[in-house]
Novice: 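Just passing along the structure, written as structure tokens.
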Amino acid sequence: MAAAAGNQSAVGQQYTTNPPRELPKRRGTELMLLAFAAVIVTTAFVLVQINQEQSLSWSILWYGGAYLAIFSAAHVAVRRWAPYADPLILPCVALLNGLGLVAIYRLDLAEAERARSLGEEFAGSAPRQVLYTVVALALFLAVLRVIKDHRTLTSYAYTAGLAGLILLALPAMLPASLSEVNGAKVWLRLPGFSIQPGEFAKILLMIFFASFLVAKRDLFMTAGKRILGVELPRARDLGPIIIAAVVCLGILVFERDLGTALLFFGITLMMLYVATERAIWVVVGLSMFLVGAFIAYQLFTHVQQRVTNWIDPLATYDDPGGGYQIAQGLFGLGTGGVFGTGLGAGRPEMVPEAHTDFISAALGEEIGFVGLAAVLLLYLLLAMRGMRSALAVRDTFGKLLGGGLSFAIVMQVFVIVGGVTKLIPMTGVTTPFLSAGGSSLLANYILVALLLRISDTARRPIQQKPSGEAPPKQLAPIAEAHTVMVQRPPQTPAEGGPALSASGGQQGPGQPAPGQQNAGQQNPGHQAAGHQPVPPAPGGQQSPGQARGGRQTPPQTAQPASDGPLPSGPSQTGPQQAEPSAAAEEPAWPTEDSTDEPNRPKGDDAT
């Protein structure tokens with residue numbers, strides 16, 4: 001325990017130097033990595049044109065200039081509005097988006113050649129992808145500019161949850177002519193464009209679940225009945241899991257979309273496990289999902305078709321809706337081998353929907369196993385930097401939201417690449433930043449903007465506020481929930497005995513008043529940061545620290561317990577109060593309350 005307390009103290013003082021220096025913002029590192037990504041993407045464009053058309057055209061300059069302009073604007077926005085953000089997140093996104101643009105452009109060249117041979121006209125997907133990227137950048141800039149503190153999202157948590165459910169259910173309620181594409185009712189088709197509302201619903205629902213779990217996490221951490229040595233959760237605490245299962249089953253039934261159901265349920269389980277650290281929630285959630293998947297397989301023919309194609313795609317190779325697409329993707333991956341055929345030298349256009357669902361198979365054929373593994377490691381690096389920012393941020397809501405956003409990227413890549421490689425049944429989820437399509441690109445850039453905002457908050461040094469400065473505007477109670485090390489509340493002796501103090505020792509007749517501070521006692525102002533409350537002064541009057549905190553000692557610690565044993569370990573019964581433990585003095589992570597708590601207004605919403 002002493003070592004843990006020492007580590008926490010070291011973390012809290014990692015930015016304290018003599019003389020003080022400012023934490024490096026690393027924007028120059030980000031700019032160099034963006035330049036390196038631009039070199040890779042430009043070289044890939046040149047190789048595609050040389051191998052495909054045996055010449056170079058001016059289109060390379062157009063695509064290269066658009067790429068540089070888009071990410072130069074993104075870099076300037078991050079430098080101005082999120083200067084302490086992680087320097088690796090944006091370069092990873094830029095490289096993935098650039099490689100996706102190269103793969104789409106390469107497929108356009110092959111499709112244009114086929115259309116010319118048939119005397120047909122062809123409109124490429126690469127110009128639309130550039131346009132979608134520009135619109136996504138506009139949303140990216142808007143999120144960074146408007147959301148200056150991710151904790152403000154907690155004020156709109158229930159609104160976000162309601163909007164997310166509406167967006168998920170909207171395609172199911174519309175007729176098939178307005179919502180169905182390739183057998184899945186996940187689209188909103190309007191004149192001139194189409195969009196997938198579910199891509200934006202996942203972000204809104206993550207905001208809701210992060211806020212909800214922070215507010216109700218004590219309920220989910222309460223153990224239920226012990227059966228066969230396993231502490232099962234209480235029945236009334238299963239609400240979020242049941243809601244998630246019902247929503248996923250509704251998606252399977254009405255929208256026939258396996259990918260969205262699996263993605264949504266996986267994110268919910270992950271956030272619930274991170275919030276409670278109880279593996280039983282994962283076991284219960286996976287059990288419910290397996291039961292629902294078995295029922296769906298027995299009831300719906302499209303689920304049976306997907307499973308049949310997954311088991312043996314060659315057996316249904318020539319059947320309508322059979323395994324032709326999966327088999328062609330596997331043939332392409334096998335043709336690429338370890339190092340690939342080279343950019344522009346393969347035949348990825350033979351795989352149906354190669355520019356959307358099967359773009360990983362198209363890349364795997366031409367850059368091989370080594371290149372595809374490098375792309376997957378790039379996704380892993382992006383998710384790990386997001387997780388690192390989530391661990392470093394000081395509030396619990398930011399930890400849950402950042403972890404959920406990062407896990408969403410990993411889960412989406414696993415679902416689609418696992419389906420392409422026949423690891424799991426094929427689903428209709430797009431590959432983030434690689435696949436052609438506007439909905440996925442726009443939603444993922446919003447996701448990246450939120451990750452950058454969280455990482456900027458995590459890496460930004462705590463500023464000391466002058467004593468005469470006006471107090472900051474109070475946020476929602478959930479936004480002020482900091483990560484603390486929780487202890488079991490102290491218990492009191494049998495009725496008629498002396499009451500225990502907040503630190504676990506008995507209060508003697510010569511003990512100083514609670515409002516006074518000794519060398520080893522906490523400042524009463526730290527009550528809002530999750531420390532033990534100061535006991536009431538003799539005579540039933542509150543101490544000054546309690547009057548400022550606006551909250552009294554919880555009833556369960558103020559009332560004597562007639563049958564509860566004393567806490568384990570020796571208790572001090574003399575006139576001097578026992579020393580508070582190191583775990584109760586220091587939070588599990590450095591919080592803003594450790595430096596500027598006396599200047600922050602107290603109230604009922606300080607948790």
Side-chain angles (χ1 to χ4, degrees), residues 36-67 94-118 120 122-130 313-314 317 324-379 413 416-417 419-422 430-431 433-437:
F36 181 62
V39 170
I40 294 177
V41 173
T42 303
T43 304
F45 269 117
V46 171
L47 290 175
V48 164
Q49 280 220 337
I50 289 177
N51 288 329
Q52 189 70 20
E53 297 186 345
Q54 307 298 321
S55 63
L56 297 177
S57 64
W58 292 103
S59 60
I60 291 181
L61 296 179
W62 188 85
Y63 286 112
Y67 179 84
L95 184 54
L96 288 171
N97 198 351
L99 292 177
L101 188 60
V102 169
I104 295 169
Y105 176 70
R106 186 260 174 275
L107 291 168
D108 282 353
L109 293 178
E111 294 293 340
E113 181 66 26
R114 178 187 298 177
R116 282 195 297 268
S117 64
L118 298 176
E120 300 175 353
F122 175 75
S125 300
R128 289 201 303 271
Q129 187 73 359
V130 174
L314 295 179
Y317 186 81
Y324 176 79
Q325 187 182 32
I326 298 178
Q328 290 296 108
L330 294 175
F331 291 156
L333 292 173
T335 302
V338 178
F339 298 103
T341 60
L343 286 171
R347 298 294 302 278
E349 69 276 5
M350 297 184 67
V351 182
E353 304 295 336
H355 62 292
T356 55
D357 295 351
F358 274 72
I359 197 168
S360 55
L363 280 173
E365 179 178 352
E366 297 196 339
I367 64 178
F369 172 78
V370 173
L372 188 59
V375 171
L376 296 180
L377 286 176
L378 203 59
Y379 280 113
V413 173
I416 184 61
V417 177
V420 170
T421 57
K422 214 171 79 66
T430 58
T431 311
F433 306 109
L434 284 179
S435 298

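Position 1 is the first residue of the sequence; numbering continues from there. Just so you know, these numbers use all the heavy atoms, side chains as well, and skip hydrogens, waters and symmetry mates.
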Novice: Ignoring hydrogens, what is the shortest heavy-atom contact between Ala327 and Pro313? Give both atom names and the distance.
Specialist: N-CB, 4.3 Å

Novice: Measure the CD-CD1 distance between Gln52 and Ile50 for me, rounded to the nearest 0.5 Å.
Specialist: 12.5 Å

Novice: Any chance you could measure Tyr379, atom OH, to Phe433, atom CZ, to the nearest 0.5 Å?
Specialist: 7.5 Å

Novice: Please report the interatomic distance CG(Leu378) to CG(Leu96), rounded to the nearest 0.5 Å.
Specialist: 4.0 Å

Novice: For the pair Phe45 and Tyr63, name the ring-plane relationship: parallel under 30°, tilted 30 to 60°, perpendicular over 60°.
Specialist: parallel

Novice: Please report, to 0.1 Å, the donor-acceptor pairs under 3.5 Å made by any side chain of residues 350-360, with sequence neighbours excluded.
Specialist:
from	atom 1	to	atom 2	distance (Å)
Glu353	OE1	Thr356	OG1	3.4
Thr356	OG1	Glu353	O	3.4

Novice: For a side-chain contact (heavy atoms from CB on, under 4.5 Å) check, start with the C-alpha distance between Val420 and Ile326, then their side-chain angles and the critical distance, and finish with the verdict.
Specialist: CA-CA 6 Å; Val420 170; Ile326 298 178; over 6 Å; no

Novice: Would a distance-only check, ignoring hydrogens and angles, find a side-chain to backbone donor-acceptor pair under 3.5 Å from Thr42 to Val39?
Specialist: no

Novice: Rounded at 0.5 Å granularity, tell me how far NZ in Lys422 sits from CG in Leu330.
Specialist: 7.5 Å

Novice: Which pairs count as salt bridge (Lys or Arg N to Asp or Glu O under 4.0 Å) when at least one residue sits in residues 332-348, sequence neighbours excluded?
Specialist: Arg347-Glu349

Novice: If you count every heavy atom of other residues, nucleotides or ligands that lies below 6.0 Å from Phe122 atom CZ, does the total exceed 12?
Specialist: yes

Novice: With side chains defined as the heavy atoms from C-beta onward, is the minimum distance between Val338 and Val370 less than 4.5 Å?
Specialist: yes

Novice: Does Gln325 form a side chain to side chain donor-acceptor pair (under 3.5 Å) with Tyr317? I'd like the steps, not just the answer.
Specialist: CA-CA 8 Å; Gln325 187 182 32; Tyr317 186 81; over 6 Å; no

Novice: Rounded to the nearest 0.5 Å, how far does CH2 of Trp62 lie from OH of Tyr67?
Specialist: 15.0 Å

Novice: Evaluate the criterion side-chain contact (heavy atoms from CB on, under 4.5 Å) for residue pair Val46 and Leu56; output intermediate values, then yes/no.
Specialist: CA-CA 7 Å; Val46 171; Leu56 297 177; 4.1 Å; yes

Novice: When you measure from the side chain of Asp108 to the backbone N and O of Ala126, does any donor-acceptor pair fall under 3.5 Å?
Specialist: yes

Novice: Please report the closest heavy-atom contact between Gly98 and Val41, naming both atoms and the distance.
Specialist: CA-CG2, 3.7 Å

Novice: Would Gln129 and Tyr105 count as a side chain to side chain donor-acceptor pair (under 3.5 Å) if you check the C-alpha gap in whole Å, the side-chain angles of each, and the deciding distance to 0.1 Å?
Specialist: CA-CA 9 Å; Gln129 187 73 359; Tyr105 176 70; over 6 Å; no

Novice: With rounding to the nearest 0.5 Å, note down the distance linking CG in Leu372 to CG in Leu363.
Specialist: 7.0 Å

Novice: Side-chain contact, heavy-atom cut-off 4.5 Å: Leu434 with Leu99?
Specialist: yes

Novice: In chain order, what residues pass the side-chain hydrogen bond (donor to acceptor under 3.5 Å, both in side chains) check against Arg128, with sequence neighbours excluded?
Specialist: Ser125

Novice: I would like to know whether Gln49 and Ser57 meet side chain to side chain donor-acceptor pair (under 3.5 Å); could you show each step before the answer?
Specialist: CA-CA 8 Å; Gln49 280 220 337; Ser57 64; 2.6 Å; yes

Novice: Assess whether a salt bridge exists between Arg106 and Glu366, defined as any Lys/Arg side-chain N lying under 4.0 Å from an Asp/Glu carboxylate O.
Specialist: yes

